[in-house]
Amino acid sequence: MDGFDFTTRPPRAVTDFLANKNLTPSFSWQDVWAAEHAFAFTVAKGTELNVLSDIHEEIQAAISNGTPFSEFKKNLTPRLKARGWWGEKDIPELDVDGNPTGRTVRARLGSPRRLRTIYWANVRTARAAGQWQRIQATQDALPFLSYELGPSEVHRPHHAALEGTILPASDPFWEEWYAPNGWGCQCWHRQISAVEARRLGISQTPNIPRVSHRNSRTGEVTRTPLGIDPGWNTNPGLARERNMRRFLTGALERAPASLAQVAIRDLLADTEFLAHMRGERLTTWPVAVIPEGLAELLGSRSRTALLSQDTARRHHDGVEGRSYPPPDQFALLQDHLPNADIYQAAPNRFTAVFIVDGITYWAGLKPVSTGELFLTTFFAKGQNRRGRVPRGELVRAAGD
């Protein structure tokens, strides 16, 4: 693959995937494993940040501009030679945590072959992550994916056996079998309508044996589907989504209340939240940060209330005969949960009640054993209905 073709500037989801990665020095490709590559940019034997920065900059330019490999190599080679990161040389050995071991090893650094591998891996995973985001955004019209073989002259037998596999885009199969599924893999996915999927025949989720791989650097043993190279059993777009949610939740937990409230409002105004409300995101979404005192009352180790995919879809579909607020009203939670009436019906079942412009809202809250706090429901009870209260004991009155 000498280049790749974007008829227009690549979607932002593609360029952002690489741009938002942290530079992570590493000694071996096994030091940054599987889904970690969705948020860490690393190059084996790239132990110096300035070398990583040079490579990252050129890869980003290549993805943004559709630069072919020949031009990428021409631009980057002199920069790496000037850094001394070329050919064979003795370099300090690092352990898996990035600490010097005190030993030196003879290693091959930059070379045309290495640059081609770096170019291929980063361009392919960035495109895959961008495609996944587009798949999520268009699932209503094109809800199925078909596994397709790429232009390789020789195909891996296990990949060839999956050609034409058609499954819903939400099927867990795509969490691992989302190409590329190995070094040099050219497989890809075709997004199709339900009509075409039924015409071609919807597949049963393949039952693929799993094999064990031991990471010689960390000692970690993982079991991956037969036919996927070690470390490639990941969906980079999905991994990025899940990681981002964990990162955001952690950041919100540590942020001052005033900053957390601003961040929540920004997140709820994001177009991605609308996709989440349609149930198109295999993830959770932070909808409010509550005071520590309220978290303690609820028995939650987390101050961040999360909205799951299932709850989001239920609200979007409007089931249960309840009056669910539109997505833009979820911002009311951040403003009013801290001072709401709190009722407890069971050890982990709470209902917050508050009034806005004469309308009473109920919000269900459930702390779980993992330490997370979930919003289980949110709906309007109607105007001037303050006298109606949920089941359970009032454990905190508004303003207390």
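The residues of the chain are indexed from 1 along the displayed sequence.
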Heavy-atom donor-acceptor pair, Ser302 side chain to Thr304 backbone, under 3.5 Å: yes
Side-chain donor or acceptor of Asp171 paired with backbone N/O of Leu167 under 3.5 Å: no
Residues Val353, Tyr361; criterion side-chain contact (heavy atoms from CB on, under 4.5 Å); working and verdict: CA-CA 6 Å; Val353 180; Tyr361 294 88; over 6 Å; no
Check: Asp341 side chain, Ala398 main-chain N or O, donor-acceptor pair, under 3.5 Å: yes
Whether Thr165 side chain and Leu162 backbone form a donor-acceptor pair below 3.5 Å: yes
Backbone of Gly227 reached by a side-chain donor or acceptor of His159 within 3.5 Å: yes
Mutual orientation of the aromatic rings belonging to His336 and Phe354 [parallel < 30°, tilted 30-60°, perpendicular > 60°]: parallel
Parallel, tilted or perpendicular: rings of Phe69 and Phe72 (30°, 60°): tilted
Leu115 side chain reached by Leu76 side chain, heavy atoms, under 4.5 Å: yes
Residues clustering with Leu142 (ILVMFWY side chains joined when closer than 4.5 Å, directly or via others): none
Close side-chain approach of Pro68 and Glu71, heavy atoms under 4.5 Å: yes
Worked check of side-chain contact (heavy atoms from CB on, under 4.5 Å) between Asn348 and Leu298: CA-CA 7 Å; Asn348 65 339; Leu298 300 175; over 6 Å; no
Rounded distance [0.5 Å steps], OG in Ser193 versus CZ in Arg198: 8.0 Å
Listed partners of Glu163 passing salt bridge (charged side-chain N to carboxylate O under 4.0 Å, His left out), at least two apart: none
Distance-minimising heavy-atom pair for Pro338 and Gln334: CD-O, 3.5 Å
Donor-acceptor under 3.5 Å (Arg396 side chain, Leu297 main chain): no
Minimum heavy-atom distance between Ala169 and Gln139, given as atom pair plus value: CB-OE1, 3.6 Å
Side chains of Pro180 and Gln186 in contact at under 4.5 Å (non-hydrogen atoms): no
Enclosure of Glu296 CD (heavy-atom neighbours >12, cutoff 6.0 Å): no
Minimal non-hydrogen separation, Ile208 against Pro225, with atom names: CG2-CB, 4.1 Å
Arg349 and Thr376, any side-chain heavy atoms less than 4.5 Å apart: yes
Short side-chain to backbone donor-acceptor contact, Arg303 and Pro291, under 3.5 Å: no
Path from Leu365 to Val356 over hydrophobic side-chain contacts below 4.5 Å: yes
Arg190 bridged to Glu196 by N-O distance under 4.0 Å: yes
Point-to-point distance, once rounded to the nearest 0.5 Å, from CG of Leu307 to CG of Leu375: 6.0 Å
Leu333 to Ala363 - nearest heavy-atom pair and separation: CD2-CB, 3.8 Å
Test item: Glu393 side-chain N/O and Val395 main-chain N/O as donor-acceptor pair under 3.5 Å: no
Trp177 to Leu226 - nearest heavy-atom pair and separation: CZ2-O, 3.6 Å
Donor-acceptor contact present, side-chain Trp188 to main-chain Leu149, <3.5 Å: yes
side-chain contact (heavy atoms from CB on, under 4.5 Å) assessment of Leu294 paired with Ile342: CA-CA 9 Å; Leu294 178 54; Ile342 304 294; 4.0 Å; yes
Thr370 vs Val368 side-chain heavy atoms within contact, under 4.5 Å: yes
Leu145 reachable from Phe173 in the ILVMFWY side-chain graph, under 4.5 Å edges: yes
Residues Glu372, Lys366: salt bridge by 4.0 Å N-O rule: no
Close side-chain approach of Glu58 and Arg79, heavy atoms under 4.5 Å: yes
Considering all heavy atoms, the nearest His189-Ala179 contact: NE2-N, 2.7 Å
Path from Phe144 to Ile135 over hydrophobic side-chain contacts below 4.5 Å: no
Pair Gln191, Thr138: side-chain N/O donor-acceptor within cut-off below 3.5 Å: yes
Flag, side chain of Ser203 to backbone of Ile166, donor-acceptor distance under 3.5 Å: yes
Trp362/Phe378 aromatic ring centres below 6.0 Å: no
Aromatic ring pairing Trp174/Tyr147, orientation class (parallel under 30°, perpendicular over 60°, tilted between): parallel
